[in-house]
Each structure stands twice: as C-alpha cells, then as structure tokens.
Asks: 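To start, I am sharing the structure in question, which I have written as structure tokens.
If you read the sequence from its start, that first residue is 1, and numbering goes on from there. The figures here come from the full heavy-atom set of this structure, side chains too, leaving out hydrogens, waters and symmetry mates.
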Amino acid sequence: MVTITSNPSITEIRTWAFSDENLPAPEWDLYLIWKDEILLFLELAIDHKCNKQNFFKYLLYFMVAYQFKHLNDLFEKRLLLQRYLDESKHIKHGDVRIWRNELMTLQRNIHSFSYDVWIEKGLIYHKAFCLSQVPTECE
C-alpha cells in the first residue's frame, strides 16, 4: 500500500506494480514522472511478471511528452533524450526498443516534437493497462 501518493518511495512503487491494487491517486502518473526513476520504470516496463507492465510502458511515453512540454531550453531537452537513450541502450525488449527508436528520431529532429503524438503513442499501452484493471479505474 502506498502511504504518500504524491511522493512514493521506490519500494512502494515496486510493490504497487506487482499488486492487484488500483491506482493510488488519479494523478499517479504525474507523481511517478516527478520521481524521474527511469531505470525503475524501464525495469517494470519489460518485466512480464509485473501486473502493471503496460502502465509503465505508457509512462515512458508520458514522461517524454510531459518533460518536453515543460522544458523550454533546447539543450535541456537534448540532455534528457540522451539520458533516456543511455539508460535504455542495453534493453532488448521490443516495446522499449520501439520507444527508444522514437527517442532517436526525436533527437535527430527535435523541433518535430508533438505532445499529442507522444501522448497518443503512450495511450495504446494505457488502454491495455485499463483493460486489465477494474473497469471504473480508468474511466
């Protein structure tokens, strides 16, 4: 159980990810991206035993969309992309490789960023996550 939903610990995030619990808060995705635990999110996105695997795949796209929308400095955006690319370079999982390829495309043409496009890509996984949860959770 998550005690402080707006600032969960890594242990609480991991415990929730493998539980059957609903989202601890409506803004849970925001709270998690503010934690910026990319290695943990990548780990959970590729773990087939993780009950919330699709949620963490969605979160990868949402993180990029959110960060790019709120960062104004082009240099900071490039650093962010490079960090995400560095952290994910050894992952062979298909869905994360697709995400990584999207990052590389964005890195080559950073001005092509579209918040709506990145959110739409992530929503594919969010819908899959919702289908695996209690129907009222994602409505």
Asks: Under the side-chain contact (heavy atoms from CB on, under 4.5 Å) rule, collect the residues that match up with L85, sequence neighbours excluded.
Replies: Q82, R100, L103, M104, Q107

Asks: In chain order, what residues pass the salt bridge (charged side-chain N to carboxylate O under 4.0 Å, His left out) check against E102, with sequence neighbours excluded?
Replies: K121

Asks: Within a strict 4.5 Å, meaning less than it, do heavy atoms of the E120 and D116 side chains meet?
Replies: no

Asks: Report yes or no: is the cationic atom of K52 (NZ for Lys, CZ for Arg) closer than 6.0 Å to the six-membered ring centre of W16, at no more than 45° off its axis?
Replies: yes

Asks: Output the distance between atom CG (L81) and atom CZ (F113), rounded to the nearest 0.5 Å.
Replies: 9.5 Å

Asks: Quick one: salt bridge (charged side-chain N to carboxylate O under 4.0 Å, His left out) partners of R97, sequence neighbours excluded?
Replies: none

Asks: I'd like to check the side chain to side chain donor-acceptor pair (under 3.5 Å) partners of D47; sequence neighbours left out, ordered by chain and number.
Replies: none

Asks: I'd like a table of donor-acceptor pairs (distance under 3.5 Å, sequence neighbours excluded) in which one partner is a side-chain atom from residues 66-74, with atom names and distances.
Replies:
unit_1, atom_1, unit_2, atom_2, d
Y66, OH, W34, NE1, 3.1
H70, ND1, Y66, O, 2.8
D73, OD2, F75, N, 3.3
D73, OD2, E76, N, 2.9

Asks: Does I124 sit in a hydrophobic cluster with other residues, and if so which ones, taking ILVMFWY side chains as linked at heavy-atom separations under 4.5 Å, directly or through other members?
Replies: none

Asks: Determine the minimum heavy-atom distance between C50 and A17, stating which atoms define it.
Replies: SG-O, 3.4 Å

Asks: Stepwise, does the side chain to side chain contact (heavy atoms under 4.5 Å, CB included) test hold for V96 with K57?
Replies: CA-CA 8 Å; V96 172; K57 291 177 191 176; 5.6 Å; no

Asks: Kindly compute the distance separating CG (L59) from CG (L30), expressed to the nearest 0.5 Å.
Replies: 9.5 Å

Asks: Listed by chain and number, what are the side-chain contact (heavy atoms from CB on, under 4.5 Å) partners of T105, not counting sequence neighbours?
Replies: R108

Asks: Could you tell me the separation between the CG atom of L40 and the CD1 atom of I13, rounded to the nearest 0.5 Å?
Replies: 5.5 Å

Asks: Any link between V117 and Y84 through a network of hydrophobic side chains (Ile, Leu, Val, Met, Phe, Trp, Tyr) touching at under 4.5 Å?
Replies: no

Asks: With sequence neighbours excluded, what pairs up with H48 under the ring pair (Phe, Tyr, Trp, His ring centres under 6.0 Å) test?
Replies: H93

Asks: Kindly compute the distance separating CG (L60) from CD1 (I98), expressed to the nearest 0.5 Å.
Replies: 12.0 Å

Asks: Once side-chain contact (heavy atoms from CB on, under 4.5 Å) is applied, do any residues pair with K92, and if so which ones, sequence neighbours excluded?
Replies: none

Asks: List in chain and number order the residues that pass side chain to side chain donor-acceptor pair (under 3.5 Å) with E37, two or more places apart in sequence or in another chain; answer none if no residue qualifies.
Replies: none

Asks: Mind checking the CH2-OG spacing from W99 to S88? Nearest 0.5 Å is all I need.
Replies: 4.5 Å

Asks: Holding to side chain to side chain donor-acceptor pair (under 3.5 Å), I want the full list of residues that pass it with Y125, two or more places apart in sequence or in another chain.
Replies: D95

Asks: Linking I/L/V/M/F/W/Y whenever any side-chain heavy atoms sit under 4.5 Å apart, do V64 and I110 land together?
Replies: yes

Asks: Report the C-alpha distance between L123 and H126 in whole Å, list the side-chain angles of each, state the deciding distance to 0.1 Å, and finish with yes or no for side chain to side chain contact (heavy atoms under 4.5 Å, CB included).
Replies: CA-CA 5 Å; L123 285 178; H126 192 269; 4.1 Å; yes

Asks: Identify, with sequence neighbours excluded, every residue that meets side-chain contact (heavy atoms from CB on, under 4.5 Å) alongside E87.
Replies: I38, L39, L42, R83

Asks: Assess whether atom CD of E27 is packed by more than 12 heavy atoms of other residues, nucleotides or ligands within 6.0 Å.
Replies: yes

Asks: Could you pull out the closest heavy-atom pair between W118 and A65, with the gap in Å?
Replies: CB-CB, 3.8 Å

Asks: Going from OH on Y58 to CE on M63, what distance comes out if it is rounded to the nearest 0.5 angstrom?
Replies: 12.0 Å

Asks: A side-chain contact here means heavy atoms from C-beta on lying under 4.5 Å apart; do L32 and F62 qualify?
Replies: no

